[in-house]
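Heads up: the structure comes next, in structure tokens.
The figures that follow rest on heavy atoms only: side chains count, while hydrogens, waters and symmetry mates do not.
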Amino acid sequence: MVILPIGGALALGRYGNWLNGELPGRVAQMDLPWLVEYSQYPGELRHPYAIYAIIKDLYLMLLINIFAWIGKEKLVSGQIALLFAMEYAVFRFFVEMVREPEIMYFSGILTQGQVLSILLFVVSFFLFI
């Protein structure tokens, strides 16, 4: 099944973002030992969004492989892909809270990534059902 290693591939992409200093996180409101200073934002300690995304993607890969192994008799590959999409949408929604937003919606409440995550979850959920 092609979907099983996708989380690892996404993590590799985010590792490239980390190496290039792309996708900075928001300025931290508290002092945490893992905060980083990006060269384009000197003097500001920010969340390492790319690292959070790597952890999310590797966790998703592990989770979807467990679901595929447990449900191999009951699920077809399309359903496993839809499960991955739903899980990705949920985790991306929460990780997006620490990313420096590019576009905001609904009076600054949701980022573009969060809106797209909601849409991805809804579509995947109805296709899964």
Side-chain angles (χ1 to χ4, degrees):
M1 285 189 243
V2 174
I3 197 69
L4 298 181
I6 293 293
L10 290 170
L12 284 174
R14 292 299 180 209
Y15 183 66
N17 293 138
W18 172 251
L19 291 178
N20 290 328
E22 302 167 344
L23 302 176
R26 292 182 189 223
V27 174
Q29 303 301 319
M30 62 186 90
D31 189 26
L32 299 170
W34 59 82
L35 298 176
V36 295
E37 183 178 335
Y38 288 85
S39 60
Q40 63 266 40
Y41 301 103
E44 295 179 346
L45 289 178
R46 293 176 171 265
H47 288 279
Y49 171 78
I51 298 297
Y52 297 163
I54 290 169
I55 294 167
K56 165 193 62 98
D57 293 335
L58 292 175
Y59 180 72
L60 283 172
M61 185 176 70
L62 175 68
L63 209 61
I64 203 66
N65 278 281
I66 290 170
F67 283 153
W69 182 70
I70 291 172
K72 63 185 166 192
E73 318 286 312
K74 300 173 186 153
L75 298 173
V76 296
S77 59
Q79 288 176 310
I80 293 171
L82 290 169
L83 276 174
F84 178 82
M86 286 187 284
E87 293 168 1
Y88 180 85
V90 169
F91 286 109
R92 171 78 187 259
F93 182 88
F94 290 108
V95 172
E96 192 73 20
M97 290 178 180
V98 295
R99 181 178 176 182
E100 184 68 35
E102 298 162 0
I103 301 172
M104 298 294 290
Y105 292 102
F106 306 110
S107 302
I109 296 172
L110 296 175
T111 67
Q112 179 183 16
Q114 288 174 318
V115 171
L116 294 173
S117 293
I118 291 168
L119 291 173
L120 176 63
F121 181 83
V122 169
V123 169
S124 300
F125 178 77
F126 283 112
L127 287 173
F128 185 81
I129 300 238

query: Hey, what do you get for CD (Q79) to OG (S124), rounding to the nearest 0.5 Å?
result: 12.5 Å

Heavy-atom check, side chain of F84 versus side chain of M61, under 4.5 Å: no

query: So how far is it from Y41 OH to E100 CD, rounded to the nearest 0.5 Å?
result: 5.5 Å

query: Mind checking whether V95 and I54 sit in one hydrophobic cluster, side chains of I, L, V, M, F, W, Y counted as touching below 4.5 Å?
result: no

field: Contacts of E44 that satisfy salt bridge (Lys or Arg N to Asp or Glu O under 4.0 Å) - sequence neighbours left out
entry: R46

- prompt: Just how far is it from atom CG of D57 to atom CZ of R92, taken to the nearest 0.5 Å?
  reply: 9.0 Å

query: Taking the six-membered ring for Trp, are F125 and F121 parallel (under 30°), tilted (30 to 60°) or perpendicular (over 60°)?
result: parallel

message: Count I, L, V, M, F, W, Y as connected when their side-chain heavy atoms are under 4.5 Å apart, and connections chain through other members. Are L35 and L23 then in the same cluster?
response: yes

query: Should F93 and L83 be regarded as members of a common hydrophobic cluster, given that ILVMFWY residues are connected when their side-chain heavy atoms come within less than 4.5 Å of each other, either directly or indirectly?
result: yes

message: Quick check on side chain to side chain contact (heavy atoms under 4.5 Å, CB included): which of I55, L32, V36 does P48 satisfy it with?
response: V36

- request: Show your working on side-chain contact (heavy atoms from CB on, under 4.5 Å) between M97 and Q114 and close with a plain yes or no.
  value: CA-CA 8 Å; M97 290 178 180; Q114 288 174 318; 3.4 Å; yes

field: Verify same cluster id: I118, V98 (apolar side-chain graph, 4.5 Å)
entry: no

- request: Following the transitive rule for hydrophobic clusters with a side-chain heavy-atom cut-off under 4.5 Å over Ile, Leu, Val, Met, Phe, Trp and Tyr, establish whether I6 and Y15 coincide in one cluster.
  value: no

query: Is L10 close to Y88 at the side-chain level, that is, under 4.5 Å between some pair of heavy atoms?
result: yes

query: Looking at Y105 and V115, what are the two nearest heavy atoms and their distance?
result: CD1-CG2, 3.8 Å

query: Once the angle between the rings of Y59 and F91 is folded into 0 to 90°, is it parallel (under 30°), tilted (30 to 60°) or perpendicular (over 60°)?
result: perpendicular

field: Derivation and outcome, side-chain contact (heavy atoms from CB on, under 4.5 Å), residues T111 and R99
entry: CA-CA 9 Å; T111 67; R99 181 178 176 182; over 6 Å; no

